[in-house]
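Encoded as structure tokens, the structure appears first; notes follow it.
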Amino acid sequence: MPKGYLALVLHAHLPYVRHLDNQHLLEEKWFFEAITETYVPLIKVFRNLVRDNVDFRITLSLSPPLLSMFADPLLQKRYLEHLHKLRELAAKEVARTINQPEFFSVARMYQDLLEDTYKIFFQDYNCSLIDAFKELEYSGHLEVITSAATHGYLPLLALQPEAVKAQISQGIKYFSSHFNHLPAGMWLPECGYYPGLDYVLKEYGIKYFFVDTHGLLYATPRPKYGHYAPITCPSGVAAFGRDLESSKQVWSSQEGYPGDFDYREFYRDIGYDLDWEYIKDYLTPPTLRSDTGFKYYRITGKTEHKLPYIPHHAREKAAIHAGNFMFNRQHQARYLAQHMDRPPIIVSPYDAELFGHWWFEGPQWLDFLIRKIHFDQDDIKMITPGQYLEMYPESQPATPCASSWGADGYNDVWLEGSNDWIYRPLHKAAKKMIKLANHFPGASGITRRALNQAARELLLAQSSDWAFIMKTGTMVQYATERTNTHLERFETLAHSIPENNIDEEYLSKLEEEDNIFPEINYEIYRS
Amino acid sequence: MLTLLTFVSVFLLVIVASYVVYRVRFGPSPARKKLSDKEPEGGDMRINMQSPFKVKTPDFEVGKELISLEVSPNKSDFFFPEENETQIVALVKNPFWIYLYWDIGELTREDFESMHGPGSWQHSAPVLRVNNLTQQSQEDIFINDAANSWYLNVNKPGHQLYIELGRKFPDGRFITLACSNLVSLPAAAVSSVIDPKWQPQEAVWSTIKIGDPVKGLSNLSSPELQRKD
């Protein structure tokens, strides 16, 4: 019997970026970089653990937009082309650095990683990474859950309950179409919770969700065990709270592991460093200097003078950091177990894209951590929230506090000077969609197609990513354009439907361009 | 007996006929009728012009129009009258601040002036009335006619509020134009409510550093992790 449980939760999400033209290659590359640097490396880590008979449990949230992109044949084809170019560049880099031993081993490392990526992506899974996650779910190592349809920030869409229901129900429906079962839990976009939201989750069969630390600590009544045990909301759905200490060790740019000087420096990339003539054919888009993923330096320190990256030194650090993380969790569990009537659960949720893309050694760290937990100790055991609830079905009745995991813990990130303008048109559009859905029950033919497409456009406009990007001040033009474009498309369709004046050519174009959720039924918006 | 019955029948007929004539001549114009049978009861939430300080409790689901303003000669307007409606919406930013946005329909000013006299719009000031249901209080915030949104520092964690958008005359009369949805401000501290069956375990709580925000990467989400230009 372990003293306590560790629930590692990875939330994988990217906004739905898929354009038929070549005008947004830079944004499309977000997805490609994440496949190469995060999703495939994580799959590789998990597969190797299974191969080595290491017992582990991870909760993985795959957002519906990400699932849609994984499943999209156009993006699969484009990624394969992108990967071919990277493999070509890797070969050139190995040749270029052959007389520079400090860089040559790194170039070889990238070549090996990219060849592995090709093997896993193309040869093992025939471009369908969802199959890899299904495999890991079937083997009992992953509890795969999902999020709202387009990752809409629900507390700010709640003006229209139908809009929230549509986000939840469509997300679950799309997830189920791939995994053939309902998700046990739901990752609320940005952990955005407000009292009452749990009833919507309950309606669609969800058993648990996550809130940030204070979402649980400020619950009413005050939870007996802080955030070390779930609480049961009035709806009967369980809420788990993020553990602050373990989050900080991984997330914090000041105190966290990813800032270690031996780890790879993200901001030195040959896309910026090498001659234009040499590198231009490998840049996306080809007219602009940007990251290629080939980075040869380590963080070194607070200096511009960066030293070469030494992979085995970084690997050693990842092992040390994994040991440190485990030691701290053991310490926590041993202490808490003395004061609780059940083993504590330490919930450590992270954005999946932190591992590999941002923190290059993140997947290695995870690999070391899981192996150490399995082989080196008995105090803690990995668990998923679903399993914990099966073992300890009775928990304290309480209502979490409205909260998010964004800066300052509430809605501030998604509602401030740079992005507040989006809510007026988003709410109006949702109101129109509800009215249309109520007025045209059981529509058929072109009217049905137009209503379904209007629902897709509204959902895409509601993605929390646009408000977030506006707030951070990077790629703002793209986020603004996406919000406006989807709202304009929605407006055009919404006005043409009651007029019975639907432009079929226009509609077909939108169906091809914004093709998320092929099986959507606009009636999810009915009151 | 028969005569009496005949008299009563004729009397009722006259009353019904009079009412029909009255409705035809003086009833609400088509432009002001309810949008559809599904329109919520909020359609009746007009200002009580006799008692401007008393309005019906708002519908707390969605901000409602208090003066019906639809002009609907075509189908689009039938479906989307909100493009001309007067409404105010409240969104929670955090336990201390709310964000409000509002629209004033095309006919609101005209209706207001026909109700309160020419120039009454100019002679009154726009006001946000904060109704705090938790502490049963009201506060008026003077705004300006150019604004259509506002960040309001209400500083009331855990309280329930709704906001009225209205105009105030120099003599203190307040005329409501629209009521917002109800908002519940989040808690900003540990609850004082204790479930006797689940008494807080102080040995556990003593390990938790409350109010220790995670700085750095925790504030990022996926897109920013992809890029930092």
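Throughout, protein chains are lettered first and strands after them, A, B, ... in sequence-line order, and every chain is numbered starting at 1.
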Would you say that more than 12 heavy atoms from the other residues, nucleotides or ligands in this model lie under 6.0 Å from the CD of B/Gln122, or not? no
When heavy-atom pairs shorter than 4.5 Å are enumerated against chain B, which of A/His214, A/His427, A/Lys471 gives the highest number? A/His427
Classify the ring geometry of A/Tyr267 against A/Trp358: parallel below 30°, tilted from 30° to 60°, perpendicular beyond 60°. perpendicular
Output all residues satisfying side-chain contact (heavy atoms from CB on, under 4.5 Å) with A/Ser63, sequence neighbours left out; order by chain, then residue number. A/His11, A/His13, A/Pro65, A/Leu66, A/Ser147, A/His151
Suppose we screen for salt bridge (charged side-chain N to carboxylate O under 4.0 Å, His left out). Which residues come up paired with A/Glu162, at least two apart in sequence or across chains? none
Can you label the angle between the A/Tyr153 ring and the A/Trp414 ring as parallel, tilted or perpendicular, going by 30° and 60°? parallel
Can you confirm if the NZ or CZ of A/Arg222 lies within 45° of the ring axis of B/Trp205 and under 6.0 Å from the centre of its six-membered ring? yes
Most contact-rich option vs chain B, by heavy-atom pairs under 4.5 angstrom, among A/Thr213, A/Leu156, A/Asn411, A/Thr220, is A/Asn411
Neighbour count >12 (heavy atoms, 6.0 Å) for atom CD, A/Glu394: no
Region of A/Glu416 in contact with chain B, defined by heavy-atom distances below 4.5 Å: both
So, the part of B/Ile208 with a heavy atom under 4.5 Å from chain A: the answer is side chain
B/Phe174 ring centre to B/Arg167 NZ or CZ under 6.0 Å, with the angle to the axis within 45°? no
Pair B/Glu164-B/Asn131, side-chain donor/acceptor within less than 3.5 Å: yes
Provide the full list of ring pair (Phe, Tyr, Trp, His ring centres under 6.0 Å) pairs with a residue in residues 119-140 of chain B, sequence neighbours left out, each pair given once. B/Phe112-B/Trp121
Is B/Trp97 in contact with chain A via its backbone, its side chain, both, or neither, using a 4.5 Å heavy-atom distance? neither
With chain A as the partner, which of B/Ala90, B/Ser191, B/Ser184 has the greatest number of non-hydrogen pairs under 4.5 Å? B/Ser191
Could you look at B/Ala187 and say if it's the side chain, the backbone, both or neither that has a heavy atom under 4.5 Å from chain A? both
Can you list the residues of residues 145-155 of chain B that sit under 4.5 Å from chain A, counting heavy atoms only? B/Asn148, B/Ser149, B/Tyr151
Could you look at A/Tyr228 and say if it's the side chain, the backbone, both or neither that has a heavy atom under 4.5 Å from chain B? side chain
Could you tell me which portion of A/Tyr423 (side chain, backbone, both or neither) has an atom closer than 4.5 angstrom to a non-hydrogen atom of chain B? both
Taking every heavy-atom pair that is under 4.5 Å apart, which of A/Gln396, A/His339, A/Glu245 has the most such pairs with chain B? A/Gln396
Non-hydrogen atoms of chain B under 4.5 Å away: do they reach the side chain of A/Ala219, the backbone, both or neither? backbone
